[in-house]
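For reference, the structure discussed in these notes is given below.
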Amino acid sequence: MINITFPDGAVRQYEQGSTAMDIAKKISEGLARKTLAAQVNGEVWDLSRPIKNDATIQFLTWDDEKGKSTFWHSSAHLMAEAVEDVFPGVKFWVGPPVEKGFYYDMDLGENIITESDLEKLEKKMNELSKQNNSFTRKEISKADAIKYFTEKGDEYKLDLLSNLEDGNITFYTQGNFTDLCRGPHIPSTGLIKGIKLTGISGAYWKGDEKNKMLTRIYGVTFPNQKELDEYLIFLEEAKKRDHRKLGKELGIYTMDDDVGPGLVLWMPNGTIIIEELEKLAKETELEAGYKRVVTPHIAKENLYLTSGHLPYYQESMYPPMELEGVKYYLKAMNCPHHHKIFAAQQHSYKDLPLRLAEYGTCYRYEQSGELFGLMRVRCLHMNDAHIYCTKEQFASEFRAVNDMYIKYFKIFGIEKYVMRLSLHDPKKLGQKYVNEPELWIETEAMVRQVMKDANIPFVEVPDEAAFYGPKIDVQIWSAIGKEFTLATNQVDFAQGRRFGLEFKNQNNEMETPLIIHRAPLGTHERFIGFLLEHYAGKFPLWLSPVQVKILPISDKFLSYAENILSQLKNNDIRAEIDERSEKIGKKIRETELAKVPLMLIIGEKEMNESKVSVRRQGKGDEGTKTAEEFIEMVKEEVKNKTQIN
RNA sequence: GCCAGUGUAGCUCAGUUGGCCAGAGCAGCUGAUUUGUAAUCAGCUGGUCGGGGGUUCGAAUCCCUCCACUGGCUCCA
């Protein structure tokens, strides 16, 4: 007999060699039915694997992340079985679960797969699911495994095998499909019911663009059709908040073939949002002791050689224009210009920290396939600033920047984000990162400490730092699930030296300042793209391009409406009148769809009482007010940056 | 940049296996209507079918090429 310990601490005895499924069945049929895998001594196991010694056990279901991953991993195998049926001779690489579903990379040889094949594959998967084949695990010697895949002529699996140790290799089989796989898997294919293959794409073998491109099929599955249907509806809803769709509908921005890909034309509505954001940034930075500067959009090659950017980033800069034998580049970053402003005057430690801020325009020649609406563009306006400080000042300055982030996020109601401490990779010193091993370790420790002291949750990620130092990136997700860096806060111990920046310290010695690069509001492009999705186009009053729409019931009330309009304008409220002789219902409908937050309905009653009827977008009639009361309400809401919804 | 797909009016989309002057709804314009909390009625305008080249008696439809976009990969200061 063996002792099995359950998550609640209970210990029960079972026969040696009992499987997790045996144990689940003894507890209840219901549990056995919905259990997908089991965590045995902390490791996820198949339910059918015999447990030979005392162990702790936890049953994993669809509701556990690990249960879901197992389910999706098994779904990838089911898909592979279907693919092998439709495309005989296909060779598989790897098929892992991902955040929402799974994929499998494969080499289809001469075959080309199209969208219509996906339906065929889904159908086949459903058939195979109905067969309810078990996933069976088999331990196999490395020699036998190599023999199996050599006979199959599968160089991909042989490549995988070459990195595995003998005695640690397992095959999994379901139906007619056998795969090299560590497992674990769910008991049988019949559990996989709601099946949707979501896309086909190319993916470089081992993620290296020098390698052959394999075909990747993405899919998602659920334990029942209902959950799949709900997920598909959710996807449809997500598409409605896609910033590219909303940006067009709301007249925020446009792009044009003749202007160029990734070059945003901000329309009047978008420009109002830009101006409000800049106003916020200027007020906030002024209060935090920043000074504003303005710098040109181009600079000579030499500047970027000094900064060290050119060798690292030449490929993503627009090609230089040559004038009188001198190369000029469009700036891809503002830092070198700001450093030159620092260098233009002599500095004492008493001047520090010096904080230079600019909404700087940068140009980056991103690869064509990387462009994505407002989120990834080639001309961007960065909420940039550089803080030059002493080592002693660093912690409090870095902390103050983080506080500014948090303050902004509160204003915008941004809650779903991850702070990421991006570290260097010691193996890439001298290539991707400046070769200063001690400074890397020292500054990374400083940043980590600031984050811990401020009690800000963060994750550490190696090999993501800037070439001149570690950074904190704020990661967010677009409506359709793409991940982006919204804002960044970087340490720079390298450029100060490269530019020969100095200040005189208390001991009358020259010292190089540390530099903090920060962009809490990221770029206008990405930030507004994010806000569009975050608010689903319903901007809070202070950001709304049109704050109030006045809707006269008939032409007879136009002059009263104009009177109200001029009162609103005198109070800096962005308002318009819908002067058309349309029915009030139509005017309301269109204003609602345009997501204008406030409507004033004006007819005979209002005119006689010298009042306005207030209607709030998405909320409906809010009764009457005098113009003064209404203006007061709007001003208060704008001042407080109130978010309704 | 790579793999796959898409590109028809300002917008959303129809256009069967190549075959009469390429269609609809919304928007726009003109007129009528003077309206009370999510679509008033009528008429009209509007299209190099992404660009270029080719096959054909004939191309939006088939082929080539370029461009842009979409989904991924790679990348992301």
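In what follows, every chain begins at residue 1, and chains take the letters A, B, ... in the order their sequences are listed.
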ask   = Closest nucleotide of RNA chain B for A:Gly373 versus for A:Gln367: which of these residues is on the 5' side?
value = A:Gln367

remark   = Whole-Å distance, A:Leu371 CG to B:rC76 C1', equals 11 Å

query = Pairing of RNA chain B as dot-bracket, 5' to 3': ( ) intra-strand, [ ] crossing, | other strand, . unpaired, with Watson-Crick or G-U pairs under 3.5 Å?
reply = (((((((..((((.....[...)))).(((((.......))))).....(((((..]....))))))))))))....

Whole-angstrom distance between B:rC20 and B:rC49, as gauged at atom P = 16 Å

remark   = Rounded to whole Å, NZ of A:Lys556 lies from C1' of B:rU34 at a distance of 6 Å

key: Separation of atom CD in A:Glu315 from atom P in B:rC76, rounded to whole Å   = 11 Å

task = Check the angle between the aromatic planes of A:Phe467 and A:Tyr313 and answer parallel, tilted or perpendicular using the 30° and 60° thresholds.
result = tilted

inquiry  = Between A:His386 and A:His338, do the side chains contain a donor N or O and an acceptor N or O under 3.5 Å apart?
reply    = yes

task = Quick one: label A:Ser316 by what it contacts on the DNA or RNA (base, sugar-phosphate, nothing), any heavy atom closer than 4.0 Å.
result = base

query = If you check every side-chain atom of A:Glu370, which of B:rU33, B:rA77, B:rG1 has the closest atom?
reply = B:rG1

Contacts under 3.5 Å, N or O only, protein and nucleotides 2-11 of chain B:
| from | atom 1 | to | atom 2 | distance (Å) |
| --- | --- | --- | --- | --- |
| B:rC2 | O4' | A:Tyr204 | OH | 3.3 |
| B:rC3 | O2 | A:Gly202 | N | 3.1 |

request  = Would you state whether a donor and an acceptor, one from the side chain of A:Arg216 and one from the base of B:rC73, lie under 3.5 Å apart?
outcome  = no

ask   = How would you label the contact of A:Ile584 with the nucleic acid (heavy atoms, under 4.0 Å): base, sugar-phosphate, or nothing?
value = sugar-phosphate

ask   = Given the P atoms of B:rG58 and B:rU40, what is the spacing between them in whole Å?
value = 50 Å

message = Does either side chain, that of A:Glu285 or that of A:Asn383, offer a donor lying less than 3.5 Å from an acceptor on the other one?
response = yes

key: Side-chain H-bond candidate by donor/acceptor type, A:Lys331 with A:Thr295, under 3.5 Å   = yes

query = Between B:rC76 atom C1' and A:Glu209 atom CD, what is the distance in whole Å?
reply = 13 Å

request  = Please determine, by modelled atom types, if A:Thr624 and A:Glu609 share a side-chain donor-acceptor pair under 3.5 angstrom.
outcome  = no

query = Could you state the NZ-C1' distance from A:Lys583 to B:rU37, rounded to the nearest angstrom?
reply = 12 Å

Salt bridge (Lys or Arg N to Asp or Glu O under 4.0 Å) between A:Arg616 and A:Glu637, worked out = CA-CA 13 Å; A:Arg616 198 178 280 273; A:Glu637 228 173 86; 2.9 Å; yes

task = Tell me, please, whether A:Phe484 has A:Arg526 positioned over its six-membered ring: NZ or CZ under 6.0 Å from the ring centre and within 45 degrees of its axis?
result = no

query = Looking only at side chains, do A:Tyr304 and A:Gln314 share a donor and an acceptor under 3.5 Å apart?
reply = no

query = When all nucleic acid strands are considered with a 4.0 Å heavy-atom cut-off, which category describes A:Phe372: base, sugar-phosphate, or nothing?
reply = sugar-phosphate

inquiry  = Using a 4.0 Å heavy-atom cut-off, does A:Gly620 contact any base of the nucleic acid, only the sugar-phosphate backbone, or nothing at all?
reply    = nothing

task = Classify the side chain of A:Arg244 versus the base of B:rC69 as yes if they form a donor-acceptor pair under 3.5 Å and no if they do not.
result = no

ask   = When you compare B:rC66 with B:rU74, how far apart are their P atoms, in angstrom units rounded to a whole number?
value = 25 Å

query = Counting just side-chain N and O atoms, does A:Lys586 come under 4.0 Å of either OP1 or OP2 of B:rA27?
reply = yes

key: Test item: side-chain donor near acceptor, A:Asp384 and A:Tyr359, under 3.5 Å   = no

remark   = Heavy-atom closest pair (A:Val434 atom, A:Tyr312 atom, distance to 0.1 Å) is N-OH, 3.9 Å

query = Base, sugar-phosphate, or nothing for A:Tyr218, non-hydrogen atoms under 4.0 angstrom?
reply = sugar-phosphate

query = On RNA chain B, nearest-nucleotide positions of A:Glu606 versus A:Arg589: which is more 5'?
reply = A:Glu606

request  = Using the aromatic ring of A:Tyr313 (for Trp, its six-membered ring), decide whether it stacks on the base of B:rA77 within the limits of 5.5 Å and 30°.
outcome  = yes

remark   = Here the distance between atom P of B:rC75 and atom CG of A:Asp208, to the nearest Å, is 8 Å

message = Tell me the interatomic distance from A:Gln490, atom CD, to B:rC76, atom P, rounded to whole angstroms.
response = 13 Å

request  = Quick one: pull up CZ in A:Phe499 and OG1 in A:Thr306 and give me the separation to the nearest 0.5 Å.
outcome  = 5.5 Å

key: For atom CD1 of A:Ile588 and atom C1' of B:rU40, their distance in whole Å   = 15 Å

